[in-house]
Visitor: 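Starting off with a structure, shown below.
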Number of protein chains: 2
Amino acid sequence: MPGGRPRAFDPDVALDRALELFWRQGYEGTSLSDLTAAMGINKPSLYAAFGTKEQLFAKALDRYVSGPGAFAREALAAATVREVVERLIHGAVELTTGPRTPPGCLNVNTVHACGADAAPVRELALACRMAGEVALRRRLEQALDLPPGQDPATLARLVHTITDGIAVQAAAGRTRKEIREVADLALRALLPA
Amino acid sequence: MPGGRPRAFDPDVALDRALELFWRQGYEGTSLSDLTAAMGINKPSLYAAFGTKEQLFAKALDRYVSGPGAFAREALAAATVREVVERLIHGAVELTTGPRTPPGCLNVNTVHACGADAAPVRELALACRMAGEVALRRRLEQALDLPPGQDPATLARLVHTITDGIAVQAAAGRTRKEIREVADLALRALLPA
DNA sequence: TTATTTTCATACCGATCGGTACATAACTAG
DNA sequence: CTAGTTATGTACCGATCGGTATGAAAATAA
């Protein structure tokens with residue numbers, strides 16, 4: 001069984017480049033030429049290693065969720081409702097305003113990719129959001145320290161509404177410092193001492 | 001001075017169709033063919049009446065701001081800070097979840113149109129957002145009923161962060177009823193009785 | 001070496017993009 | 001009527017889109 005010609009590139013770093021590009025330019029705004037240029041490979045190599053542009057995006061989204069976006073899952077392990085919410089909102093600020101990553105959130109960007117051919121990846125992003133919301137709601141439902149009269153489902157949606165808004169503000173170019181102030185004010189309003 | 005051949009279409013309703021399409025599909029996701037089909041005219045007629053796709057979008061955005069989005073300006077005329085904020089947030093819910101209009105907000109959508117050729121219209125949307133934020137901040141700075149210790153600039157940004165989040169939730173397909181509940185909870189947190 | 005397998009590089013595919021040239025149709029001024 | 005002006009419909013422009021056919025290059029197995 002012969003081994004064949006070895007790869008001239010590292011699929012791992014190539015996928016990171018693709019994630020960076022999709023994050024910064026969106027699914028529809030990123031062409032195969034952009035991708036091959038940034039990844040340092042040709043179109044046939046890209047196709048052989050990652051499949052269709054759509055399949056490549058799915059892999060990039062996976063990496064995003066389990067890498068820069070992993071805080072969203074980890075935050076649910078915090079001991080108190082307050083700490084869970086704080087971690088989620090602060091994590092959103094840091095994620096969307098990172099100095100070495102594109103501004104904004106890949107997931108929120110993708111929801112707004114409304115072209116006809118972007119429908120499949122949009123569904124991916126929507127499913128991802130739905131999973132995150134269900135997880136947070138479950139966490140709040142099981143909490144013993146939820147303020148009385150609070151509906152877990154609505155609170156979960158409000159927290160995600162705020163993190164979504166943070167992503168928009170970041171994509172619109174607001175600075176990390178400004179968004180941190182907004183996030184802290186939101187937390188004071190949401191979780192009075 | 002001869003009159004020439006009369007138009008076979010109403011530019012006003014044609015612009016409304018274009019706005020609908022841009023709102024639903026985004027700037028990059030809407031092709032000239034989509035536009036001419038929805039407006040019921042040909043490409044030369046479109047170009048003669050509205051100019052470039054980019055110029056057409058600018059006109060559609062104007063109509064959006066002075067039409068469905070007019071509440072944002074009008075809300076600032078309310079008597080109390082509470083009422084200003086309530087009108088802004090409730091207005092955002094109604095705007096982005098209208099049963100006869102596309103889900104989401106044209107402005108927020110456009111901010112996430114990150115392709116290279118969409119840069120000019122993105123700048124338009126950003127300028128529009130900045131103007132709205134400045135106007136709200138000025139309104140809060142001049143208010144006499146602002147809760148003590150509140151920074152007008154940060155509060156203005158938080159309100160817009162929440163309305164941005166509402167737009168994302170609507171674009172992601174959440175129902176009007178759900179978002180209304182989230183908005184009411186946000187208002188209770190933001191403006192305790 | 002020779003055969004086999006896998007990747008790489010170039011060049012190309014049909015389709016669609018935004019925008020336009022050109023001829024014709026429909027109107028008004030005289 | 002004729003002349004002048006504006007709008008319409010068709011057909012087309014070069015560029016780019018996502019994706020691929022093809023053949024040479026680079027590895028292993030014998």
Visitor: May I have the distance from A/Leu35 (atom CG) to D/dC17 (atom P), rounded to whole angstrom?
Guide: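 For the pair A/Leu35 CG and D/dC17 P, the rounded distance is 10 Å.
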
Visitor: When you measure from the side-chain N and O atoms of B/Asn42 to the phosphate of D/dG9, is any distance below 4.0 Å, counting only OP1 and OP2?
Guide: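 Yes, because at least one side-chain N or O of B/Asn42 sits under 4.0 Å from OP1 or OP2 of D/dG9.
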
Visitor: Reckon A/Tyr47 has a side-chain N or O less than 4.0 Å from the OP1 or OP2 of D/dT20?
Guide: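 True: A/Tyr47 side-chain N/O within range (under 4.0 Å) of D/dT20 OP1/OP2.
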
Visitor: Can you name the side-chain contact (heavy atoms from CB on, under 4.5 Å) partners of B/Pro152, sequence neighbours left out?
Guide: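 B/Leu140, B/Glu141, B/Leu146.
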
Visitor: Could you tell me how far apart B/Tyr27 (OH) and C/dC17 (P) are, to the nearest whole angstrom?
Guide: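 Atom-to-atom, B/Tyr27 to C/dC17, this comes out as 13 Å.
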
Visitor: OP1 or OP2 of D/dC17 versus the side-chain N and O atoms of A/Ser31: is any pair under 4.0 Å?
Guide: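 Yes, A/Ser31 has a side-chain N/O under 4.0 Å of OP1/OP2 on D/dC17.
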
Visitor: Can you tell me how far P of D/dA11 sits from CG of B/Leu32, to the nearest Å?
Guide: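 The answer, rounded to whole Å, is 19 Å.
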
Visitor: Could you state the CD-C1' distance from A/Glu28 to C/dT16, rounded to the nearest angstrom?
Guide: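 One finds 14 Å between C1' of C/dT16 and CD of A/Glu28, rounded.
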
Visitor: When you check the side-chain N and O atoms of B/Ser45 and B/Asn42, is any donor under 3.5 Å from an acceptor?
Guide: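 On atom types as modelled, these side chains do not qualify, holding no pair under 3.5 Å.
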
Visitor: Assign B/Pro6 to base, sugar-phosphate, or nothing according to its heavy-atom contacts below 4.0 angstrom with the strands shown.
Guide: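 Touches sugar-phosphate only.
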
Visitor: Quick test of your reading of the model: are A/Glu74 and A/Arg87 salt-bridged, counting only N-O distances below 4.0 Å?
Guide: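 Looking at A/Glu74 and A/Arg87, the cut-off is not met.
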
Visitor: Starting at CD of A/Glu94, measure out to CZ of A/Arg180 and round the result to the nearest 0.5 Å.
Guide: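 Here the rounded value is 4.5 Å.
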
Visitor: Tell me whether B/Asp34 is salt-bridged to B/Lys53, with the criterion being a basic N under 4.0 Å from an acidic carboxylate O.
Guide: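 Judged by the 4.0 Å cut-off on N to carboxylate O distance, B/Asp34 and B/Lys53 do not form a salt bridge.
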
Visitor: Heavy atoms under 4.0 Å, any strand shown: does A/Thr30 hit a base, just sugar-phosphate, or nothing?
Guide: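 Sugar-phosphate contact only - A/Thr30 comes under 4.0 Å of backbone atoms but never of a base.
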
Visitor: Take B/Thr110 and B/Asn107 through the test side-chain hydrogen bond (donor to acceptor under 3.5 Å, both in side chains) and record every step on the way to the result.
Guide: CA-CA 5 Å; B/Thr110 307; B/Asn107 207 318; 5.9 Å; no

Visitor: Set out, line by line, the N/O atom pairs under 3.5 Å between protein and nucleotides 23-25 of chain C.
Guide:
from   : atom 1 : to     : atom 2 : distance (Å)
C/dA25 : N3     : B/Arg5 : NH1    : 3.2

Visitor: Just compare D/dT20, C/dT7, C/dT20 and give me whichever is closest to any side-chain atom of A/Arg7.
Guide: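 So the nucleotide nearest the side chain must be C/dT7.
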
Visitor: Would B/Asp145 and B/Arg82 count as a salt bridge (Lys or Arg N to Asp or Glu O under 4.0 Å) if you check the C-alpha gap in whole Å, the side-chain angles of each, and the deciding distance to 0.1 Å?
Guide: CA-CA 9 Å; B/Asp145 57 336; B/Arg82 169 182 298 273; over 6 Å; no

Visitor: Rounded to the Å, how far apart are B/Ile41 CD1 and C/dG19 P?
Guide: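 Rounded to the whole Å, the gap is 14 Å.
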
Visitor: Send over the distance from B/Asp10 CG to D/dT8 P, rounded to a whole Å.
Guide: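 Rounded to whole Å, this separation is 12 Å.
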
Visitor: Is B/Arg139 atom CZ crowded by more than 12 heavy atoms from other residues, nucleotides or ligands, each under 6.0 Å away?
Guide: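 More than 12 heavy atoms, drawn from other residues, nucleotides or ligands, come within 6.0 Å of this atom.
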
Visitor: Considering every strand and a 4.0 Å limit on heavy-atom distances, what is the contact class for B/Ala48: base, sugar-phosphate, or nothing?
Guide: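 Nothing, no heavy atom under 4.0 Å.
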
Visitor: Please compare B/Phe9 and A/Ser33 by the position of their nearest nucleotide in DNA chain D and report the one closer to 5'.
Guide: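 Here B/Phe9 is the residue nearer the 5' end.
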
Visitor: Within this structure, what is the NZ-to-C1' distance between B/Lys43 and D/dG9, rounded to whole angstrom?
Guide: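 Checked: the NZ to C1' distance equals 12 Å.
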
Visitor: For B/Leu46 and A/Lys53, take the nucleotide of DNA chain D holding the closest heavy atom to each; which residue's nucleotide lies nearer the 5' end?
Guide: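 Here B/Leu46 is the residue nearer the 5' end.
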
Visitor: Name the nucleic acid region contacted by A/Ala49, choosing base, sugar-phosphate or nothing; use a 4.0 angstrom heavy-atom cut-off, strictly under.
Guide: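 Nothing, no heavy atom under 4.0 Å.
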
Visitor: Indicate whether OP1 or OP2 belonging to C/dT7 is found under 4.0 Å from a side-chain N or O atom of A/Ser45.
Guide: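 For C/dT7, OP1/OP2 do not have a side-chain N/O of A/Ser45 under 4.0 Å.
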
